[in-house]
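In this text the structure is predicted, and so the values were computed from the model without any measurement. Chain naming here is simple, since letters A, B, ... match the order of the sequence lines and numbering starts at 1 in each.
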2 protein chains.
Amino acid sequence: MTTVQDTPSATAKKSDATKALILDTALRLFAERGYERTTMRAVAAEAGVSVGNAYYYFDSKEHLVQGFYYRIGDLHVRASQEVLAREQELDARLRGVLHRWLEVAAPYHQFGSQFFKNAADPASPLSPLSPESAPVRDAAIGLLREVVDGSTAKMDPMLRPELPELLWLYQMGIVLYWVHDRSSGCSRTGTLLDSTAPLISRAVNLSRLRVLRPLIQDAIPVVKNLLQPGQ
Amino acid sequence: MTTVQDTPSATAKKSDATKALILDTALRLFAERGYERTTMRAVAAEAGVSVGNAYYYFDSKEHLVQGFYYRIGDLHVRASQEVLAREQELDARLRGVLHRWLEVAAPYHQFGSQFFKNAADPASPLSPLSPESAPVRDAAIGLLREVVDGSTAKMDPMLRPELPELLWLYQMGIVLYWVHDRSSGCSRTGTLLDSTAPLISRAVNLSRLRVLRPLIQDAIPVVKNLLQPGQ
DNA sequence: CGCCACTATTGAACGTGTTCAAAAATGGGT
DNA sequence: ACCCATTTTTGAACACGTTCAATAGTGGCG
């Protein structure tokens with residue numbers, strides 16, 4: 001099958017007004033009641049359309065969540081600019097930017113922890129590695145590239161171009177922890193962030209050591225391969 | 001040798017015969033048709049009981065999969081003994097043991113990739129970090145401890161006791177890649193294993209370097225904290 | 001206007017996981 | 001043997017995601 005997936009700007013044939021209305025309604029209900037407790041019937045009723053009509057615009061309930069990804073990613077990039085303008089050191093930039101993610105995502109924590117399981121399904125368009133998620137993923141990696149390039153950190157020059165993608169993997173790990181985090185205000189995730197980001201910064205700094213160079217050289221192509229489409 | 005009991009008989013009040021029958025039937029159908037395409041009605045019918053009776057023994061369809069964990073874990077420990085007896089070097093032991101996991105899990109790849117999404121849900125008992133999964137997790141970490149302790153590898157002595165849990169995290173990463181792996185025979189996962197295990201072995205070896213010691217010292221409590229129950 | 005192809009919309013119906021009140025079986029105490 | 005509490009079993013009923021054939025709207029063209 002070679003049909004084009006409904007990325008936001010790919011096929012603009014369908015009425016965008018109704019589609020946006022349904023999406024906004026869904027995200028609102030998700031935030032209010034959580035993912036599981038929001039039924040497609042409720043979304044349709046609240047948006048003033050029929051159930052079938054919602055399915056005309058969104059292939060499944062999961063597809064509704066794609067909009068959440070775009071929203072969070074956009075808010076995060078915007079909220080991070082201030083940090084990038086202020087901080088110089090890699091540690092502070094990384095920690096600041098990821099803290100911003102926690103802040104931006106905070107209102108959706110309960111909602112997020114309910115649907116993030118779907119993101120682990122490789123077949124789901126919600127997988128962070130899926131083609132549908134590519135725009136959001138690339139934006140996130142681009143943000144981390146700014147974190148690296150705008151910093152004063154010194155490192156193995158071979159590592160620098162690959163570091164943003166490595167940091168993205170790190171961010172995915174933080175998000176996974178956040179999803180599991182039941183502490184009030186997700187304080188445990190914040191602590192994890194504060195304790196791991198300096199370690200990463202120090203490890204990056206150590207990458208200039210001669211003894212480590214062959215290891216890094218061998219690891220780079222592996223990482224490079226890791227983020228290619230699995231097929 | 002660490003083994004996993006086949007049925008978590010914490011509450012031994014309920015008849016184990018019917019429970020085992022239902023579980024066996026379910027696992028067989030999962031392997032035959034996949035997880036999603038196996039209905040609870042089919043499981044019940046095939047096992048010769050009513051739908052409600054299946055729910056009397058298993059709280060949900062997901063709970064049926066817990067048995068899969070136990071089975072795989074047990075088979076893996078058993079299949080790994082030969083490797084542990086033969087190999088001496090950390091790289092070979094680690095690679096061999098994880099390759100055994102791939103072999104043991106191979107028949108369930110399609111099935112696995114369909115239900116593993118549930119494992120990422122923190123609320124699900126299928127989460128590898130959930131209390132329900134503790135026996136399987138501990139057995140897996142124990143196996144990796146044998147991998148480490150029986151090897152000739154030299155490392156920072158502070159690292160040694162924590163290494164098995166780190167390797168378990170590594171194994172989770174491999175499994176996650178395996179779940180996504182669509183290549184024939186999951187050859188890509190095998191390749192990833194062969195390329196990353198030596199890197200890990202070399203990194204472990206480098207842990208003895210004086211310059212790395214403070215970094216390792218600071219990282220150990222973080223890792224230790226990571227695997228504690230999130231509550 | 002009349003026709004036509006296409007888009008948009010509807011809501012009943014289907015399959016599925018899950019629940020629950022009720023019935024059946026079990027087993028110990030008298 | 002009888003009773004009664006507990007465990008086990010049943011299957012109809014419910015809620016939800018999803019599908020689909022049918023219907024209504026839309027716009028371009030002669």
Side-chain angles (χ1 to χ4, degrees), chain A residues 1 3-4 6 10-23 25-27 29-30 32-68 111 114-115 117-119 121 123-126, chain B residues 7 9-23 25-27 29-30 32-68 111 114-115 117-119 121 123-126:
Chain A
M1 175 155 88
T3 62
V4 182
D6 61 332
T11 58
K13 212 46 174 312
K14 302 174 179 177
S15 156
D16 275 346
T18 309
K19 183 171 183 175
L21 172 62
I22 293 171
L23 180 59
T25 306
L27 288 185
L29 292 186
F30 286 162
E32 283 175 16
R33 320 178 182 177
Y35 179 70
E36 305 263 325
R37 299 171 70 88
T38 301
T39 71
M40 290 298 283
R41 286 168 178 81
V43 171
E46 200 84 0
V49 299
S50 69
V51 178
N53 197 222
Y55 276 93
Y56 179 73
Y57 288 105
F58 297 93
D59 289 345
S60 74
K61 190 180 177 185
E62 290 189 1
H63 279 75
L64 280 169
V65 185
Q66 200 87 37
F68 171 77
F111 161 37
Q114 279 173 313
F115 80 75
K117 67 173 181 184
N118 299 8
D121 180 11
S124 167
L126 299 183
Chain B
T7 52
S9 55
T11 59
K13 217 50 174 306
K14 302 174 179 178
S15 154
D16 274 348
T18 309
K19 184 171 182 175
L21 172 63
I22 293 172
L23 180 59
T25 306
L27 289 185
L29 291 186
F30 286 162
E32 283 175 17
R33 321 176 181 176
Y35 179 71
E36 306 264 324
R37 300 171 69 89
T38 300
T39 71
M40 290 298 282
R41 286 167 178 79
V43 171
E46 199 85 0
V49 300
S50 69
V51 179
N53 198 221
Y55 276 92
Y56 178 73
Y57 288 104
F58 298 93
D59 289 346
S60 73
K61 191 180 176 185
E62 289 189 2
H63 278 75
L64 279 169
V65 185
Q66 200 87 36
F68 171 77
F111 159 38
Q114 278 172 313
F115 79 74
K117 67 174 181 185
N118 300 4
D121 180 11
S124 166
L126 298 183

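Annotation: side-chain contact (heavy atoms from CB on, under 4.5 Å) contacts of Val51(A) (sequence neighbours excluded): Arg41(A), Ala44(A), Tyr55(A). Residues passing the side-chain contact (heavy atoms from CB on, under 4.5 Å) test with Ala45(A): none are found, sequence neighbours excluded. Under the side-chain contact (heavy atoms from CB on, under 4.5 Å) criterion, Ser50(B) pairs with Asn53(B), not counting sequence neighbours. With sequence neighbours excluded, the residues satisfying side-chain contact (heavy atoms from CB on, under 4.5 Å) with Leu23(A) are Leu27(A), Phe58(A), Leu64(A). For Thr39(A), there are no side-chain hydrogen bond (donor to acceptor under 3.5 Å, both in side chains) partners at least two apart in sequence or on another chain.
Thr25(A) contributes no side-chain N or O that, together with a main-chain N or O of Glu46(A), makes up a donor-acceptor pair within less than 3.5 Å.
Rounded to whole Å, atom P of dC16(D) lies 13 Å from atom CG of Leu29(A). Look at CZ on Phe58(B): it is 13 Å from P on dT8(D), rounded to the nearest Å. Rounding to whole angstrom units, NE2 of residue His63(A) and P of dG17(D) are separated by 16 Å. When the P atom of dT10(C) is taken as reference, atom CG of Asn53(A) falls 5 Å away, rounded to whole Å. Whole-Å rounding puts the Glu36(A) CD to dT18(C) P distance at 10 Å.
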For nucleotides 18-23 of chain D, tabulate all protein N/O to nucleotide N/O atom pairs closer than 3.5 Å, reporting atom names and distance.
unit_1: dT18(D); atom_1: OP2; unit_2: Tyr55(A); atom_2: OH; d: 2.6
unit_1: dT18(D); atom_1: OP2; unit_2: Lys61(A); atom_2: N; d: 2.9
unit_1: dT18(D); atom_1: O5'; unit_2: Tyr55(A); atom_2: OH; d: 3.4

Give each protein N/O atom lying under 3.5 Å from an N/O atom of nucleotides 22-28 of chain C, with the pair distance.
none

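Of all nucleotides listed (dT9(C), dT10(C), dT8(D)), dT10(C) comes nearest to the side chain of Val49(A).
Contact check, Thr18(A) against dT9(C): a side-chain N or O comes under 4.0 Å of OP1 or OP2. For Tyr56(A) and dA8(C), the shortest distance from a side-chain N or O to OP1 or OP2 is below 4.0 Å.
The structure places OH of Tyr57(A) at 10.0 Å from CG of Leu21(A), a figure rounded to the nearest 0.5 Å.
Nearest-nucleotide assignment on DNA chain D puts the 5′-proximal partner with Ser50(B), out of Ser50(B) and Thr38(A).
Cation-pi geometry between Lys61(B) and Tyr35(B) is met: the NZ or CZ atom falls under 6.0 Å from the ring centre, inside 45° of the normal.
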